[in-house]
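First the structure, in the form of structure tokens, and then the observations on it.
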Protein chains: 2
Amino acid sequence: MRIVKEAEIRKSEILDTAEKLFVRKGYENTSTTDILGEIGIARGTLYYHFKSKEDILIAMIDRQVGQMAAKAKAVAENREIPALQRLILAVSAMKADNGLGKELTEQMHKPHNALMHQKAQAALLSEVNPILTGILKEAVDEGVCSTDYPDAVIDMIMVYTGHTFDDLSEIAEDEREKKIDGFIYNTERLLCAAEGSLRELILPLFAR
Amino acid sequence: MRIVKEAEIRKSEILDTAEKLFVRKGYENTSTTDILGEIGIARGTLYYHFKSKEDILIAMIDRQVGQMAAKAKAVAENREIPALQRLILAVSAMKADNGLGKELTEQMHKPHNALMHQKAQAALLSEVNPILTGILKEAVDEGVCSTDYPDAVIDMIMVYTGHTFDDLSEIAEDEREKKIDGFIYNTERLLCAAEGSLRELILPLFAR
DNA sequence: GACCCTCGACCGACAACCTGTCGGTAACAG
DNA sequence: CTGTTACCGACAGGTTGTCGGTCGAGGGTC
């Protein structure tokens with residue numbers, strides 16, 4: 001009844017299980033007891049490895065975001081691809097990574113998981129923003145678009161999409177399309193790109 | 001020991017107290033018992049008037065947002081003022097309303113109150129966005145700026161400011177200024193206004 | 001090999017909360 | 001006198017985090 005494992009292994013076992021449950025039932029609705037039951041360990045064990053339930057959440061998010069950032073970075077470094085296109089690729093690489101992504105981001109936006117969403121958003125911002133900003137700067141250098149504040153542009157776009165498009169479910173199809181059109185239009189404006197010039201590039205990101 | 005009041009009076013008494021405590025300690029860290037103690041009523045009384053703790057939060061936010069929307073609306077209808085200027089006035093009217101606003105918005109951004117922030121943001125969006133969009137449309141008609149998607153522009157700006165500038169504390173002064181500069185620049189881009197043309201108008205909103 | 005000891009991983013009872021329910025009570029209106 | 005509205009407080013059920021104690025693998029020592 002007492003199975004001893006190396007700390008790192010136990011830790012990721014706990015994270016795996018927590019992730020699964022958080023995705024399925026949401027953060028608030030998952031009790032530490034649920035996690036214990038699923039793994040078959042005792043209360044004390046969990047609190048030996050993590051100092052609180054929130055600590056688990058943070059670790060889980062860091063893991064996810066770290067993976068996403070890594071994928072984005074890999075794409076970012078491939079200088080063969082035109083910068084603007086690479087920017088889009090980096091974003092879609094992150095979406096793809098997210099194996100459980102679909103359900104996770106869906107959960108995220110349920111009001112219950114506000115904390116989870118907020119923490120994920122913050123982590124994503126601080127990890128990924130610099131990477132995307134780097135690519136955008138290259139795009140500006142290439143002369144395909146222009147802005148004096150690439151960092152602020154990425155910020156604005158990330159915050160907006162994180163808030164608006166994660167819960168693509170729920171809303172009506174035509175509503176969604178209108179939002180996407182507006183978003184593309186605004187993005188073109190922010191980058192001083194000709195109207196319609198980014199449409200084909202951006203649209204695939206919203207395919208489903 | 002048993003003081004009977006009319007339902008509406010009790011309700012707003014509860015909301016007042018809850019608001020005070022939520023602002024001071026945050027939503028998660030305020031227990032219903034705290035509220036009871038502060039007012040001097042029994043558990044059952046609170047749950048006679050509200051069906052849950054979250055219900056109290058929602059009612060409190062609706063009250064706040066309702067007041068803010070009303071102020072904004074009042075300003076919006078004053079056609080004497082140029083639309084673009086009116087837009088700014090409407091925004092600053094909302095900030096002013098918020099008597100406890102400073103502390104409230106500060107609390108909002110502490111990770112603990114993610115739920116509160118999220119709900120407030122959503123309510124604000126749906127109430128205030130149409131009002132501001134209306135003003136922006138007038139501005140476009142006046143010819144002082146242009147956009148095909150006024151609604152999306154307001155959306156983007158509200159989401160971004162709600163996320164980024166509420167927690168103006170915490171970050172360094174120069175960091176803050178850079179963010180503001182970027183924001184103004186981006187706003188000008190979104191509205192197709194000449195660079196620098198909105199600066200004097202927008203800047204006062206960030207005064208402190 | 002036999003002994004001991006340390007220390008990391010683990011256990012589970014328990015304290016200290018928390019929210020929401022429910023049967024019952026007081027007062028007022030009609 | 002009766003129905004309704006506002007109120008009470010004990011209590012059920014659930015939550016997180018703590019803490020003293022256990023177990024055993026591995027390292028020294030003889």
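Chain letters run A, B, ... following the sequence lines, proteins first and then strands; every chain starts at 1. Heavy atoms only: backbone and side chains are in, while hydrogens, waters and symmetry mates are out.
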Respond yes when some side-chain nitrogen or oxygen of [X] is under 4.0 Å from OP1 or OP2 of [N], and no when none is.
{"X": "Y47(B)", "N": "dG20(C)", "value": "yes"}
{"X": "Y48(A)", "N": "dC10(C)", "value": "no"}
{"X": "R10(B)", "N": "dC7(D)", "value": "yes"}
{"X": "H49(A)", "N": "dG8(C)", "value": "no"}
{"X": "T45(A)", "N": "dA9(C)", "value": "no"}

Closest approach to the side chain of [X], judged atom by atom: which nucleotide of [options] is it?
{"X": "S52(A)", "options": "dG17(D), dT16(D), dG9(D)", "value": "dG17(D)"}
{"X": "A7(B)", "options": "dC8(D), dC18(C), dA6(D)", "value": "dA6(D)"}
{"X": "I41(B)", "options": "dC18(C), dC8(D), dT21(C)", "value": "dC8(D)"}

Under 6.0 Å from the six-membered ring centre of Y149(A) and within 45° of its axis: does the NZ or CZ of K179(B) meet both?
no

[X] has an atom [atom1]; how far is it from atom [atom2] of [N], in whole Å?
{"X": "L21(A)", "N": "dT15(D)", "atom1": "CG", "atom2": "P", "value": "13 Å"}
{"X": "R43(B)", "N": "dG23(C)", "atom1": "CZ", "atom2": "P", "value": "17 Å"}
{"X": "E54(B)", "N": "dC18(C)", "atom1": "CD", "atom2": "P", "value": "18 Å"}

Does the pair R86(B)/E80(B) count as a salt bridge with the N-to-O cut at 4.0 Å?
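Salt bridge between R86(B) and E80(B), a charged N being under 4.0 Å from a carboxylate O: no.
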
E54(B) and K119(B): salt bridge (Lys or Arg N to Asp or Glu O under 4.0 Å), yes or no, with the steps?
CA-CA 10 Å; E54(B) 194 174 324; K119(B) 284 198 184 301; 3.3 Å; yes

How about F183(A) and F206(A): are their ring centres within less than 6.0 Å of each other?
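Here the rings of F206(A) and F183(A) have centres that are less than 6.0 Å from each other.
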
